[in-house]
Amino acid sequence: MTRRFLDRDALEVAPELLNKLLVRGPLVGRIVEVEAYHGGLDPASHAFRGPGTRNATMFGPPGHLYVYFTYGMHFCANVVCGPGGEASAVLLRALAPLAGVELMRAARPAARRDAELCAGPARLCQAFGIDRSLDGADLVGKETEIALLDDGTPPPAAPANGPRVGLSSRAAEAVYWQWRFAVPGNPAVSRPAPPGWRTSHLVV
DNA sequence: ACCGGGATGTTCT
DNA sequence: GAACATCCCGGTG
C-alpha cells in the first residue's frame, strides 16, 4: 500500500480501502467497513474546528494512523488521507479476522463469535491492541509496527453504503451523508443495514 | 430478539 | 458542565 494511494480525499479512498489488510505482527484483518471524514467541510470530522492537540496527526502527511480516545474507555483508528494538510481521514469500522485469531480472542473475551472480534471501531482497536501510543504510526513505511497491505483482493465493485454511525445532531446534515462503506453481506460488518443503506445486487 | 442504562476520561463550550 | 465517530450487560418479550 503506497502513500500515493492514500494521498487523495478520504471520500475517494474509503471504498477502495475495502478488502485491504491491516497487519500488526501476527494479527491480520481484512477491512470490511469504513467511514470517510473530510477535513474542512465536514462538521462531523475531528478536523472541522482546526488543528489541536488531539487531532494533530490528521493534519500531518497521509499514510499515518490517527488514534483517538473516546467515551472514557475506547480507542478508534483512522487512516490519514490527503491531500496533505486537508486532514481528511478514513475511520476503520470493522475487519474480518484472518490471522492471530487466538490472540484476538484473548484480547476480547466478550466476543461470542470470531466475526465479532473486530466488528466495530473500538472493538478492532481492542483486538489489535491499538491505543494512544500508535497515534501517528506510519502505515506504509518499511518495518512499521502496524501496516496497511494489499494482498491483491480487489475492493467490491459495488460496495454497500449508507449514513455514518453515531453522529449527533450537532453534525446536522452530515448525519445523512452516505459516507459509510462496507463489503456487502460480510458477517464482520459492525451493524445491520439501517434504512437508507444501499446494497447493489452486483455483489462481488 | 430488542432496548435501556452505565462505565469512564478527554476535549470543547 | 456537556458531549463524545462506543461497548457490554442485564432486563424484558
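Note that these values count all heavy atoms, side chains included, but never hydrogens, waters or copies made by symmetry. Chain letters run A, B, ... following the sequence lines, proteins first and then strands; every chain starts at 1.
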task: Identify whether any heavy atom of Y71(A) sits under 4.0 Å from a base atom; if not, whether one sits that close to sugar-phosphate; answer base, sugar-phosphate or nothing.
output: base
- request: Look at the side-chain heavy atoms of Ile, Leu, Val, Met, Phe, Trp and Tyr, link any pair under 4.5 Å apart, and say whether I146(A) and V90(A) land in one connected group.
  value: yes
query: Given the P atoms of dG6(B) and dA2(C), what is the spacing between them in whole Å?
result: 16 Å
query: Is the NZ or CZ atom of R132(A) both under 6.0 Å from the centre of the six-membered ring of F75(A) and within 45° of that ring's axis?
result: no
- line: Side-chain contact check for R123(A): nearest option of dC8(C), dT13(B), dT11(B) is dC8(C)
message: Given a 3.5 Å cut-off on both pairing distances, which stems involving DNA chain B, each at least three consecutive Watson-Crick or G-U pairs, are present, if any?
response: B:1-7 with C:6-12, B:9-12 with C:1-4
- request: Please find out if less than 6.0 Å separates the ring center of Y68(A) from that of H46(A).
  value: yes
- line: Of dC8(C), dA5(C), dC4(C), the nucleotide closest to the side chain of Y68(A) is dA5(C)
field: Separation of dT13(B) P from R54(A) CZ (nearest whole Å)
entry: 11 Å
statement: Here the gap from L6(A) atom CG to L17(A) atom CG, rounded to the nearest 0.5 Å, amounts to 6.0 Å
message: Rounded to whole Å, how long is the line connecting atom CZ of R112(A) with atom P of dC7(C)?
response: 16 Å
query: Has H74(A) got a side-chain N or O lying under 4.0 Å from the OP1 or OP2 atom of dT8(B)?
result: no
- prompt: Could you state the CD-P distance from E33(A) to dA5(C), rounded to the nearest angstrom?
  reply: 16 Å
query: Looking at Y176(A), does the NZ or CZ of R164(A) lie under 6.0 angstrom from its six-membered ring centre and within 45 degrees of the ring axis?
result: no
- request: Write down the distance between CZ (F75(A)) and C1' (dC4(C)), rounded to a whole number of angstrom.
  value: 14 Å
Y37(A) OH to dC4(C) C1', straight-line distance once rounded to whole Å: 12 Å
message: Quick check for you: among dT11(B), dC4(C), dT8(B), whose closest atom lies nearest to any side-chain atom of M73(A)?
response: dT8(B)
query: Hey, is the side chain of S168(A) poking within less than 4.0 Å of OP1 or OP2 on dC4(C), counting only N and O atoms?
result: yes
- prompt: R108(A) near the nucleic acid: base, sugar-phosphate alone, or nothing, with a heavy-atom cut-off under 4.0 Å?
  reply: sugar-phosphate
- prompt: Between I130(A) (CD1) and dC7(C) (P), how many Å, whole number?
  reply: 13 Å
query: Is the Lys NZ or Arg CZ of R3(A) less than 6.0 Å from the centre of F5(A)'s six-membered ring, within 45° of the axis?
result: no
task: Would you mind checking if E116(A) and R108(A) are paired as a salt bridge, meaning a charged N to carboxylate O distance below 4.0 Å?
output: no
- prompt: Among dG9(B), dT8(B), dA5(C), which nucleotide sits nearest the side chain of M58(A)?
  reply: dA5(C)
- prompt: At under 4.0 Å, does any side-chain N or O of R93(A) touch on OP1 or OP2 of dT6(C)?
  reply: yes
field: Closest to the N78(A) side chain, choosing from dA5(C), dT6(C), dT10(B)
entry: dA5(C)
- prompt: In terms of hydrophobic clustering (I, L, V, M, F, W, Y; side-chain heavy atoms under 4.5 Å; direct or indirect links), are L95(A) and V23(A) co-clustered?
  reply: no
- request: Could you tell me the separation between the CZ atom of R49(A) and the P atom of dA3(C), rounded to a whole number of Å?
  value: 13 Å
query: Rounded to whole angstrom units, what separation is found between the CG atom of L124(A) and the P atom of dA5(C)?
result: 16 Å
